[in-house]
Amino acid sequence: MTSVLVDREGYLAIVTVNRPDKLNALDYDTITALHSAIDELSTSDDVGAIILTGSGEKAFVAGADIGGLVGQGVLGGKTNAQHGQALTTAIESSPKPVIVAINGYALGGGLELALSCDMRFAADSAKLGLPEVSLGIIPGYGGTQRLPRLVGMGNALQMILTGDHIGAEDALRIGLVNAVFPAAGLLDGVKKIAMRIVSRGPQAVALAKQAARRGADMSLEQGLELEADLFGAISSTEEMDEGLKAFLEKRKPGWLRS
Ligand code: COA
């Protein structure tokens, strides 16, 4: 059984972590396969958005595969962390929007995977947490860095230091997820949002993501310069010419995808 499934529905790519008997825990090979899938989809012109989810009804991803961490030692530990971090960085820097549908447990590496996505939507049954300290380890796939940036230091450290899970509604309250759906409607709800993005100018979407993502690590001054550069870049495209012309001529742009 392959541990990562990629399904295509028109311009949407749905990537499913598929180890349901292990609650989709991320072993080394699954991380490698996910990274390859993201790289391939990121360079494909006919992909407008990527949706990430987990197999089964119980879990999105219940963390790194704990068995693979036993006896890893200093070098093994660092290598394992960097392997997971390379995946989360690839998601964050992908030119495609990556949206996660959190269909159950998102724990440890599972939450860290979700944190690297551009938007997070959760089933009302989802449970989210970074339980690493209860195993005597720390988050290693970006959790200590991305969670405080997203939900503030106090909320993040409460999750990181207690290791407690929170429910979907609490995740919504602290800004960890964008919205909560009834479990049965999660994937359809996320597909609808993804299709809104797909219908926009594809190069504009990619550059807008790049501006927001890269700018987050810059001073405001540098970020504004980046934005102006990218505004210049989009201004040289046929996509922009057509988008503006279509508005003025009261018609739909030729590049419109649905
Ligand atoms: N790594 C490896 N295997 C895992 C796993 C993980 N992170 N999370 C779950 N599994 C496996 C279990 O070992 C079990 O396998 P088995 O049937 O071969 O024994 C199977 O998935 C089902 O999990 P189980 O614990 O029986 O389900 P549950 O409903 O009782 O509990 C959880 C669900 C999520 C609370 C529990 O599995 C758990 O705490 N998992 C670890 C979460 C974690 O600490 N993640 C961070 C890792 S760094």
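Residue Gln72 qualifies as enclosed at atom CD: its count of foreign heavy atoms under 6.0 Å is above 12. The environment of CE in Met218 is crowded: more than 12 heavy-atom neighbours from other residues, nucleotides or ligands sit within 6.0 Å. With a 6.0 Å radius and a threshold of 12 heavy atoms from other residues, nucleotides or ligands, Glu227 has its CD atom at or below the threshold. In the displayed structure, Asp7 atom CG is contacted under 6.0 Å by more than 12 heavy atoms of other residues, nucleotides or ligands.
Using a distance-only test at 3.5 Å, with no hydrogens or angles considered, no donor-acceptor pair links the side chain of Glu242 to the main chain of Pro253. Formation of a donor-acceptor pair under 3.5 Å by the Gln85 side chain with backbone atoms of Gly140 is found in this model. In this structure, the side chain of Thr89 does not engage the main chain of Ala86 through any donor-acceptor pair within 3.5 Å.
Under the 4.5 Å side-chain heavy-atom criterion for Ile, Leu, Val, Met, Phe, Trp and Tyr, Leu161 and Val151 are members of the same hydrophobic cluster. Put simply, Ile160 and Ile166 are part of the same group of oily side chains (I, L, V, M, F, W, Y) that touch within less than 4.5 Å, one to the next. In the hydrophobic clustering of ILVMFWY residues, with side-chain heavy atoms under 4.5 Å counting as a link, Val17 and Ile50 come out together.
Distance check, rounded to the nearest 0.5 Å: OG1 of Thr30 to CG of Asn24 gives 9.0 Å. Here CG of Leu224 is found 11.0 Å from CG of Asp229. Values are rounded to the nearest 0.5 Å. Remark: Asp164 CG to Lys127 NZ distance equals 12.0 Å, nearest 0.5 Å. Between the OG1 atom of Thr16 and the CG atom of Leu52 there is a distance of 8.0 Å, given to the nearest 0.5 Å. Annotation: the span from Gln145 atom CD to Glu112 atom CD amounts to 10.5 Å, rounded to 0.5 Å.
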Check against side chain to side chain donor-acceptor pair (under 3.5 Å), Ser219 and Gln222:
CA-CA 5 Å; Ser219 68; Gln222 290 167 324; 3.3 Å; yes
Side chain to side chain contact (heavy atoms under 4.5 Å, CB included), that's the test. Do Arg214 and Gln210 meet it? Break it down for me.
CA-CA 6 Å; Arg214 288 179 49 205; Gln210 190 189 139; 2.6 Å; yes
Test side chain to side chain contact (heavy atoms under 4.5 Å, CB included) applied to Leu107 and Val61, step by step
CA-CA 7 Å; Leu107 302 178; Val61 169; over 6 Å; no
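Residues passing the salt bridge (Lys or Arg N to Asp or Glu O under 4.0 Å) test with Glu249 are Arg251, sequence neighbours excluded. Residues passing the side chain to side chain contact (heavy atoms under 4.5 Å, CB included) test with Leu150, sequence neighbours excluded: Leu115, Arg120, Leu176. Residues passing the salt bridge (Lys or Arg N to Asp or Glu O under 4.0 Å) test with Arg149, sequence neighbours excluded: none. Among residues two or more places apart in sequence or in another chain, the salt bridge (Lys or Arg N to Asp or Glu O under 4.0 Å) test is passed with Lys96 by none.
In this structure the side chain of Ile91 never reaches within 4.5 angstrom of the side chain of Leu34, judged on heavy atoms. Side-chain contact between Val180 and Val177 is present, with at least one heavy-atom pair separated by less than 4.5 Å.
Sorted by first and then second residue, the ring-ring contact (aromatic ring centres under 6.0 Å, His included) pairs involving residues 34-83 (not counting sequence neighbours) are Tyr28-His83. Within the structure, every pair that satisfies the side-chain hydrogen bond (donor to acceptor under 3.5 Å, both in side chains) test and touches residues 52-69, not counting sequence neighbours, is listed here: Asn18-Ser55, Arg19-Asp65, Thr53-Asn103. The list of ring-ring contact (aromatic ring centres under 6.0 Å, His included) pairs with a residue in residues 200-235, not counting sequence neighbours, is empty. Residue pairs that meet the side-chain hydrogen bond (donor to acceptor under 3.5 Å, both in side chains) test with at least one member in residues 175-200, sequence neighbours left out, are Glu9-Lys191.
Through direct or relayed side-chain contacts under 4.5 Å between Ile, Leu, Val, Met, Phe, Trp and Tyr, Leu5 connects to no other residue. Side-chain heavy-atom separations under 4.5 angstrom define the hydrophobic clusters, and the remaining members of the one that includes Met240 are Leu244. Leu256 belongs to no hydrophobic cluster, as no Ile, Leu, Val, Met, Phe, Trp or Tyr side chain comes under 4.5 Å of its own. Applying the 4.5 Å side-chain rule to ILVMFWY residues, one finds Tyr11, Leu12, Ile14, Ile99, Met119, Phe121, Phe181, Leu186, Leu187, Val190, Ile193, Met195, Ile197, Val198, Val205 in the same cluster as Ile51.
A salt bridge links Asp46 with Arg8; the closest basic N to acidic carboxylate O contact falls under 4.0 Å. With respect to Asp118 and Arg213, a salt bridge is recorded, a charged nitrogen being found less than 4.0 Å from a carboxylate O.
At a cut-off of 3.5 Å, with distance as the only test, no side-chain donor of Asp39 or Ser42 sits close to an acceptor on the other residue. Side-chain N/O atoms of Thr88 and Ser116 include no donor and acceptor closer than 3.5 Å.
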